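These notes concern the structure reproduced below.
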2 protein chains.
Amino acid sequence: MTLSLRERRRQQTAHDIQLATLDLAVQKGLENVTTEEIAAAAGISTRTFFNYYTNKEAAAVGAPPAFTEAAKEALRDGSGPLADDLKLFLDQHVAALTKDEPILKMIGTVLRSNEKARGILQGFLIMERRELTECLSHRVQNPQAAAALASNTTDAVGRAIVLWEHEENLSLSAALDVVWEGTIAAAALLTSTS
Amino acid sequence: MTLSLRERRRQQTAHDIQLATLDLAVQKGLENVTTEEIAAAAGISTRTFFNYYTNKEAAAVGAPPAFTEAAKEALRDGSGPLADDLKLFLDQHVAALTKDEPILKMIGTVLRSNEKARGILQGFLIMERRELTECLSHRVQNPQAAAALASNTTDAVGRAIVLWEHEENLSLSAALDVVWEGTIAAAALLTSTS
DNA sequence: CGCAGATATTGCACTATACGCAAGGATTTC
DNA sequence: GAAATCCTTGCGTATAGTGCAATATCTGCG
């Protein structure tokens with residue numbers, strides 16, 4: 001668990017760069033920020049910036065928290081109603097996101113106006129969906145159903161974040177509750193035959 | 001309906017550029033293609049390339065077919081089971097995509113390895129989802145449910161394309177059938193309480 | 001037709017991005 | 001504390017992308 005000095009410094013620098021990037025991006029829009037400025041603000045050389053991130057959009061997005069092994073196992077081996085187990089899984093993931101709310105808000109700002117940043121985030125989301133699909137295929141026979149559930153689930157996180165950004169006075173986990181209710185309602189509508 | 005000569009030429013050039021881009025991208029990977037090469041292949045200057053597309057990724061993705069007004073109205077005012085109306089809507093949209101299967105395949109190849117292209121496509125998809133959400137909110141009271149349904153629906157197109165790319169001997173519309181069945185199965189799993 | 005206004009194409013110049021390479025500094029390992 | 005490893009940095013270079021201004025082409029109207 002204890003990281004070496006090198007590792008810790010690396011993570012620290014990566015984090016510093018992300019903060020510097022988001023800070024400048026929120027002020028002037030990421031398009032109008034140069035890598036040179038970011039590097040200066042983070043106290044490193046331009047060349048070093050590119051040793052950490054391939055571009056400023058990746059620096060803004062950073063590395064989103066991964067699913068924990070524990071949460072994945074609980075989902076794979078769970079025995080409750082699927083909807084409940086998925087909700088528990090999501091609650092854990094959203095709790096991890098909540099650790100860094102200010103950063104999350106800033107990333108949201110950037111994503112709204114930057115295509116490249118959206119693409120990078122989507123790369124992470126695709127990997128998350130793959131992980132989830134794999135988990136779910138232990139409980140669901142139909143692989144397309146597993147994929148659909150995984151999409152539903154990761155989409156719910158995205159919609160919860162959007163809702164949370166719009167509504168002041170709504171915590172992220174409360175937003176997830178609202179969104180999840182909508183997801184279940186949508187499922188009911190899809191299965192009803194009238 | 002009839003476009004002026006100018007309009008037609010513009011569309012033709014835009015299309016030529018897209019084809020040149022995809023052609024080169026499939027051969028060597030879009031990363032290894034320069035805008036100079038693309039411009040040369042399309043018979044225009046580099047400067048003109050940037051008058052049509054802001055970057056090579058946008059040139060590769062092009063402009064996906066929009067939902068038709070007719071299809072949207074049918075969905076808004078439909079009276080059948082929601083799942084059936086959505087499926088009809090998707091069938092129409094997929095039929096439009098099928099018009100250009102070779103291009104679709106090439107775009108798929110690019111998307112698999114290019115983050116920026118994915119981001120651009122996602123920009124279009126976000127707009128489509130907004131349109132769909134708007135339509136659906138005429139039939140569904142809960143706005144979160146409408147959003148969830150819209151996500152489900154556009155995601156289904158994406159999954160159908162992925163399936164179609166993987167399985168030879170499966171038409172795009174057949175792939176959509178399989179994927180949609182999975183979507184309905186997933187909805188059933190989400191609503192069942194055991 | 002033929003001209004005026006609008007729109008497209010292009011070259012040129014310039015800034016920003018991104019990476020390879022090599023030198024030098026710091027950290028780890030033994 | 002010496003050797004191996006990793007990190008930072010500067011320099012050089014190829015490519016991306018945009019503003020500007022000149023030239024070419026198209027459209028509508030008299």
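Below, all heavy atoms of this structure are taken into account, side chains as well, without hydrogens, waters or symmetry copies. To find a chain, count down the sequence lines: A is the first, B the second, and so on, and within it residues start at 1. Computed from a predicted model, the values in this text were never measured in an experiment.
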> Using the C1' atoms of five pairs at each end, what's the angle between the two axes of the helix from C:dC1-D:dG30 to C:dC30-D:dG1, to 10 degrees?
Replying inline: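 One end's axis against the other's: 30°.
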Under 3.5 Å, which donor-acceptor pairs do the side chains of residues 65-73 of chain B form with other protein atoms, sequence neighbours left out?
residue: B:Thr68; atom: OG1; partner: B:Ala71; partner atom: N; Å: 3.1
residue: B:Glu69; atom: OE2; partner: B:Lys72; partner atom: NZ; Å: 3.3
residue: B:Lys72; atom: NZ; partner: B:Glu131; partner atom: OE2; Å: 2.6

> Just by distance, do the side chain of A:His138 and the backbone of A:Glu134 share a donor-acceptor pair under 3.5 Å?
Replying inline: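 Yes, because the side chain of A:His138 sits within donor-acceptor range (under 3.5 Å) of the backbone of A:Glu134.
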> Does A:Thr109 reach the main-chain N or O of A:Lys105 with its side chain, forming a donor-acceptor pair under 3.5 Å?
Replying inline: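 Yes: the side chain of A:Thr109 pairs with the backbone of A:Lys105.
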Length of the [atom1]-[atom2] vector between [X] and [N], whole Å:
| X | N | atom1 | atom2 | result |
| --- | --- | --- | --- | --- |
| A:Ile17 | D:dC7 | CD1 | C1' | 12 Å |
| B:Arg9 | D:dA24 | CZ | P | 15 Å |
| A:Asn114 | C:dT17 | CG | P | 12 Å |
| B:Leu30 | D:dA16 | CG | C1' | 13 Å |
| A:Gln12 | D:dC6 | CD | P | 22 Å |
| A:Phe49 | C:dT17 | CZ | C1' | 10 Å |

Please write out each protein N/O paired with an N/O of nucleotides 11-14 of chain C under 3.5 Å, distance rounded to 0.1 Å.
residue: C:dG11; atom: O6; partner: B:Arg47; partner atom: NE; Å: 3.4

Can you find a heavy atom in the side chain of [X] that is under 4.5 Å from one in the side chain of [Y]?
| X | Y | answer |
| --- | --- | --- |
| B:Leu149 | B:Leu82 | yes |
| A:Thr46 | A:Ile38 | no |
| B:Val162 | B:Val179 | no |
| A:Arg118 | A:Glu57 | no |
| A:Arg10 | A:Thr13 | no |

> Below 3.5 Å, does any donor atom in the side chain of A:Arg6 face an acceptor in the base of C:dT27, or the other way round?
Replying inline: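 Answer yes: a donor N or O sits under 3.5 Å from an acceptor.
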>> Quick check on contacts: within residues 51-61 of chain B, what sits under 4.0 Å from DNA chain D by heavy-atom distance?
In response: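 Those residues are B:Thr54, B:Asn55, B:Lys56.
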> Out of C:dC19, C:dT9, D:dT5, which has the shortest distance to the side chain of B:Arg10?
Replying inline: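 Nearest listed nucleotide: C:dT9.
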> Between C:dA18, D:dC26, D:dT18, which nucleotide gets closest to the side-chain atoms of A:Phe50?
Replying inline: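 So the nucleotide nearest the side chain must be C:dA18.
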>> Check the orientation of B:His93 and B:Phe89. Use parallel for under 30°, tilted for 30 to 60°, and perpendicular for over 60°.
In response: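 Rings of B:His93 and B:Phe89: parallel, as their planes differ by under 30°.
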>> Any salt bridge linking A:Asp77 with A:Arg139? Criterion: basic side-chain nitrogen under 4.0 Å from a carboxylate oxygen.
In response: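 Looking at A:Arg139 together with A:Asp77, the answer is no, because their closest N to O distance does not fall below 4.0 Å.
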>> Does D:dG17 have OP1 or OP2 under 4.0 Å away from a side-chain N or O of A:Lys116?
In response: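 False: A:Lys116 side-chain N/O out of range (4.0 Å or more) of D:dG17 OP1/OP2.
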> Out of A:Asp91, A:Asp84, A:Asp85, which residue meets the salt bridge (Lys or Arg N to Asp or Glu O under 4.0 Å) rule with A:Lys87?
Replying inline: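 Testing A:Lys87 for a salt bridge (Lys or Arg N to Asp or Glu O under 4.0 Å) against A:Asp91, A:Asp84, A:Asp85 leaves exactly one candidate, A:Asp91.
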>> Quick check for you: to the nearest 0.5 Å, what is the distance between B:Thr133 atom OG1 and B:Arg129 atom CZ?
In response: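 Here the interatomic distance stands at 8.0 Å.
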> So does A:Glu101 have more than 12 non-hydrogen atoms from other groups sitting under 6.0 Å from CD?
Replying inline: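 Counting other residues, nucleotides and ligands, CD of A:Glu101 exceeds 12 neighbours.
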> Tell me, which of residues 31-43 of chain B have any heavy atom that sits under 4.0 Å from an atom in DNA chain C?
Replying inline: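 Per residue number, the list is empty: none.
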> With A:Lys28, which residues qualify under side chain to side chain donor-acceptor pair (under 3.5 Å), at least two apart?
Replying inline: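 By the side chain to side chain donor-acceptor pair (under 3.5 Å) rule, A:Lys28 matches A:Glu37.
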